[in-house]
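A, B, ... follow the sequence lines: proteins, then strands. Residue 1 opens every chain.
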Amino acid sequence: MDRRTTIKWMFAAAAAMPSLKTFGYTPAKLALDVAPNLPGYGTDPDLVKEWKPGGPWPLTLSAPARALVAALCDLIIPADDVSPAASSVGVVDFIDEWISAPYPEQRADRQIVLPGLVWIDAEADKRFGKQFAELNDAQRSAIADDICQPAHAAPQFQTAANFFATFRDLTAGGFYTTPVGMKDIGYTGNVPLERFDGPPLEALKKAGLA
Amino acid sequence: MAFISAADADKNSYDVIVVGSGAAGGQTAYTLTMDGAKVLMLEAGRNYQPATETPMLQANGEAPLRGAGTPEKPFGFWDATVDGGWQVPGEPYSSASDDPARQFVWWRARMLGGRTNHWGRISLRNGQYDFKPHSRDGLGFDWPMDYADLAPYYDKVEMLIGVYGANDGLENTPNSSPGVLLPPPKPRVSDLLTRQRAAKLNIPVIPGHRAVLTQRLDHVRLPKLLHPGNAKAQKILAADMQKRAACFFATPCGRGCSIRANYQSTTVHLPPALDTGNLDIVTDAMVRAVTKRPDGRAEGVIFIDRKTGAEHRVKARVVVLAASALESVRIMLNSGVANSSGKVGKYIMDTVGAGIGGQIPLLEDMPLHNEDGVDGFHLYTPWWLYKEQLAGKLGFARGYHIEFGGGRSMPSMGTAAGMEWLNGGTYGRKFKEEARRYFGSFMYFSGRGEMIPNDDCYAELHPTQKDKFGIPTLNFHWKWSKHEIGQAAHMQTTFAEIIDAMGGRMPSPPQPGEKAIKQGGIIIHEVGGAMMGNDPAKSVTNSFGQSWDMKNLFITDGATLCSNADKNPTLTIMALAWRASEHMLGLMKKKEL
Ligand SMILES: Cc1cc2nc3c(=O)[nH]c(=O)nc-3n(C[C@H](O)[C@H](O)[C@H](O)COP(=O)(O)OP(=O)(O)OC[C@H]3O[C@@H](n4cnc5c(N)ncnc54)[C@H](O)[C@@H]3O)c2cc1C
Ligand code: SF4
């Protein structure tokens, strides 16, 4: 795969990325602030209207970047017997919304996520001569196994492991806040009740309280 | 009478001007108007209607950024705060020191009802020790009143707003009168486990007190008790109480409550006060200063219409500042009034805060059940080491209470995040299994402790800085003493012991006090700055919040507090406001005002 093409699509929205010539992972040198002066939703947003990613501020990931994000989300949260994969319930839109947001925390995460995406594709190319999204499950896992544990990653994988941890948190937050995610994880609240009965007996037994 | 324009306010005449519409302003206007006084309320923020503006059942997934907090909505997207936070655009403040440990951060909200729309609803009474702290340990200041002076007003406020809890009769943790409290909600599993294990450490765990209706208010009994001999007030209140639903045990209270099941000034104080026909409210009215009559009494106030920038002057027999403690301080300093003691701005206090979270294996893989309850705490721990402390065994003065929580609350960005300390870091099916296993097994313990007023904590006017209205801003000085830092350290080790006793584990060890203590202002319980007292040379007001210098100027917010017990200040602010307003009514009837 042509590395320069990868960079181009990855940072399609990043006008301030002129001199990125290699995959050298140097986030400090990457000027990733693609949305420096965008307004947010303000200090008095309408709380009863419908909100969607891309509403309060534009999304910034290109189509190929979104495909990579989808592949990574689904590596972290694949379909299983209980619930579908993360990408099937809007988590890609959410991650795009998050890293495109004009607030400090999200902008900091953007500085981690965008170079991380570059790294992932470069690593896929280096190991298997393909983009990450084109790899099979075993190939994806081979890379993920090296970066999924930040405290135990080899030195050359440390930065990528930190990226992976951030990306995993975003994926989890995006997924478990959806209706299927809430059901999957066992959240049964947010329904009006006439009475609050407290925990059932089995729950008390489980905790050694009955 | 109702919501009126700034221009109309100029034309009318009022008995009392109330500045601010939060807990203090709401209670003051309620008590005054129910007894027939004509009141003009001036509120800097916009009008706000909880019935139509509250996102009740929206899940986090429906909010931008899954509802996560941002500088524009610090407590999350769905939180009720309007135009607020630790920074308000165009309304700056400053700290004298560059050292973060010596800076104070100031949370404000600019909306009708102020912070009562999104507060935690934790409503604890000060106890008898809390009114005489100096007599007890030689530190800080005694109040010019006793618990017995305020107890009837605590009862009244609790009956009016609706507070759940129980009378456990623990030391310096007063009971309410019989028939005042609503039943507490049933404990969650995490509450019961905490209680069982804390008992082994001799730490009590009892029902919490919060301003949430676990059942509907008794609209037959309560109005008679609250307004004896006042048939009109009873009728208005009885009708309004019937419009408040009981909690339906879902939806976070910080968003506000469209069914009026918890206390907000906008859903509890203002509707009946408006129904009396005695209350006019001008919103977007930023008060700059109190004006003076030639005889030295207050004439009225100057305010700026936020929408037009125009300046207005209104007059009344009495002026009440209830703009939140530090805003009231600012108005007094900018007016150059009520400060012959030189104490305006002095002895500002927050609450000491520190906390630790842990993971409790016994709470893993719980059978599915709904743990929303009343959203806030069901049980808590009041301060329990009075005797040890008095005997000098702790090395710091004054206590803290513990707020704790756990269980399966509505998933947010924190759910299943940062699990590396438990599992190293996984992905795929294993990750999903672990997310299920750990969900609801985390607990958090927060200490909320008493800060002793000290000479290093005060607010003054900034020499040059002005806000967007051209009003001089506040500059803060701040320093925790060894007592607060010692308390924070004690919180850390105690919470670690509790988590340990629950068989739990923590991501990191307890921290030393200096590191653990939250910055001044972070707990958002700021009070003081216009302390009440018996001596006009050493205090700003008497025990009724009445200025010594300007007899028709009252302060009914937290500015007058002489200490900031670990009880969270708002219930006390409301009880004081009720008492002060009754006093005002009495003086007005006697034509002394
Ligand atoms: C997230 C959060 C949780 C909290 N939880 C608890 C809790 O559980 N228990 C507890 O006891 N306390 C709690 N508090 C604190 C509690 O909110 C305050 O103690 C309480 O609201 C104080 O009431 P107040 O009327 O003095 O001020 P506010 O409620 O702040 O109201 C003051 C009003 O005055 C207006 N105003 C200010 N300046 C001017 C001016 N110049 N002219 C006109 N109007 C002006 C403001 O816009 C505001 O509407 C919490 C606070 C926050 C933010
Ligand atoms: S938990 Fe109850 S009181 Fe709180 S907002 Fe929901 S319904 Fe209202």
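In this structure, the side chains of A:Asp44 and B:Arg46 come closer than 4.5 Å at one or more pairs of heavy atoms. Contact of the B:Gln196 side chain with the A:Leu209 side chain is registered, since non-hydrogen atoms from C-beta on lie closer than 4.5 Å. The closest side-chain heavy-atom distance from A:Leu75 to B:Tyr427 is below 4.5 Å. For the pair B:Val374/A:Phe196, no side-chain contact is recorded, criterion being any heavy-atom separation below 4.5 Å from C-beta on. In this structure, the side chains of B:Phe431 and A:Pro78 stay at 4.5 Å or more apart for every pair of heavy atoms. Between A:Thr177 and B:Thr415, the closest side-chain pair of non-hydrogen atoms is not below 4.5 Å.
Contact tally against chain A (heavy-atom pairs below 4.5 Å) for B:Gly428, B:Gly61, B:Cys247: the top residue is B:Gly428. The candidate from A:Gly198, A:Ala151, A:Ala144 with the greatest count of non-hydrogen atom pairs under 4.5 Å with chain B is A:Ala144. For the options A:Ile147, A:Thr178, A:Asp184, heavy-atom pairs under 4.5 Å to chain B are most numerous at A:Asp184. Chain B forms the most heavy-atom pairs under 4.5 Å with one residue out of A:Thr188, A:Ile185, A:Leu204, and that residue is A:Ile185. Taking B:Pro252, B:Gly414, B:Gly85, B:Gly373 one by one and counting their heavy-atom pairs under 4.5 Å with chain A, the maximum is reached by B:Gly373. No other option in B:Pro64, B:Ala417, B:Ala416, B:Ala250 has as many heavy-atom pairs under 4.5 Å with chain A as B:Pro64. Of the listed residues (A:Glu202, A:Glu97, A:Glu194), the greatest number of heavy-atom pairs within a distance under 4.5 Å of chain B belongs to A:Glu97. When each of B:Leu362, B:Leu193, B:Leu65, B:Leu192 is scored by its heavy-atom pairs under 4.5 Å with chain A, the top score falls to B:Leu65. For the set A:Phe94, A:Phe175, A:Trp57, the entry with the most heavy-atom pairs within less than 4.5 Å of chain B is A:Phe94. Between chain B and the options A:Cys148, A:Ala172, A:Gly40, the largest number of non-hydrogen pairs under 4.5 Å is found for A:Cys148. Here B:Pro71 is the residue among B:Ala59, B:Pro71, B:Gly69 with the most heavy-atom pairs under 4.5 Å with chain A.
Remark: the B:Glu72 side chain and the A:Tyr103 side chain contain an N/O donor-acceptor pair separated by less than 3.5 Å. A donor and an acceptor atom, one from each side chain of A:Thr43 and B:Asp83, are located under 3.5 Å apart.
Heavy atoms of B:Ser190 lying under 4.5 Å from chain A are absent altogether. A:Ala86 does not touch chain B: none of its heavy atoms, backbone or side chain, sits under 4.5 Å away. With a 4.5 Å cut-off on non-hydrogen atoms, B:Thr214 does not touch chain A at all. For chain A, the nearby part of B:Glu371 is the backbone; its heavy atoms alone come within less than 4.5 Å. Within the 4.5 angstrom heavy-atom criterion, only side-chain atoms of B:Pro89, from C-beta onward, approach chain A. With a 4.5 Å cut-off on non-hydrogen atoms, B:Ser412 touches chain A through its backbone but not through its side chain. Proximity to chain B (any heavy atom under 4.5 Å) is shown, for A:Ala165, by both the backbone and the side chain. Residue A:Glu50 does not touch chain B at all, counting heavy-atom pairs closer than 4.5 Å. Using a 4.5 Å cut-off between heavy atoms, B:Glu364 touches chain A through its backbone atoms (N, CA, C, O) alone. The part of B:Asp79 that comes within reach of chain A is its backbone (N, CA, C, O), which places non-hydrogen atoms under 4.5 angstrom from that chain. Contacts of B:Ala246 with chain A are absent, with no heavy-atom separation under 4.5 Å from either backbone or side chain. Looking at A:Leu170, both its backbone and its side chain come within 4.5 Å of chain B, counting heavy atoms on both sides. Heavy-atom distances place both the backbone and the side chain of A:Pro192 under 4.5 Å from chain B. Interface residue A:Ser141: backbone and side-chain heavy atoms are both found under 4.5 Å from chain B.
Atom NZ of B:Lys468 is surrounded by more than 12 heavy atoms from other residues, nucleotides or ligands within 6.0 Å. Heavy atoms from other residues, nucleotides or ligands lying under 6.0 Å from CZ of B:Arg505 number more than 12. For A:Asp46, the CG atom counts as densely surrounded, since its 6.0 Å shell holds more than 12 non-hydrogen atoms of other residues, nucleotides or ligands.
Between the A:Asn190 side chain and the B:Leu57 main chain, a donor and an acceptor come within less than 3.5 Å of each other. Proximity of a side-chain donor or acceptor of A:Asp169 to a complementary backbone N or O of B:Gly418 within less than 3.5 Å is detected. A donor-acceptor pair under 3.5 Å links the side-chain atoms of B:Lys432 to the main chain of A:Ser83, judged by distance alone. Checked by atom type and distance alone, the side chain of B:Glu62 never pairs as donor or acceptor with a backbone atom of A:Trp51 at under 3.5 Å. With hydrogens and angles ignored, the 3.5 Å screen pairs no side-chain donor or acceptor of B:Arg408 with any backbone N or O of A:Tyr187.
By the 4.0 Å N-to-carboxylate-O rule, B:Glu420 lies close enough to A:Arg168 to be salt-bridged with it. Using a 4.0 Å cut-off between charged side-chain N and carboxylate O, A:Lys206 and B:Asp365 make no salt bridge. Using a 4.0 Å cut-off between charged nitrogen and carboxylate oxygen, A:Asp80 and B:Arg429 do not count as a salt-bridge pair.
Residues B:Arg66 and A:Gly90 share a closest heavy-atom pair of NH2-O, 4.3 Å.
Annotation: B:Phe77 is in aromatic contact with A:Tyr41 [ring centroid separation under 6.0 Å].
One finds the CG atom of A:Leu193 at 7.5 Å from the CG atom of B:Asp372 (value rounded to the nearest 0.5 Å).
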Next item on the list: Apply side-chain contact (heavy atoms from CB on, under 4.5 Å) to the pair A:Leu47 and B:Lys73, showing each step before the final yes or no.
Entry: CA-CA 11 Å; A:Leu47 296 187; B:Lys73 294 282 288 188; 4.0 Å; yes
* For A:Trp98 and B:Met413, what are the C-alpha separation, side-chain angles and deciding distance, and is it a side-chain contact (heavy atoms from CB on, under 4.5 Å)? -> CA-CA 11 Å; A:Trp98 184 275; B:Met413 280 309 289; 3.9 Å; yes
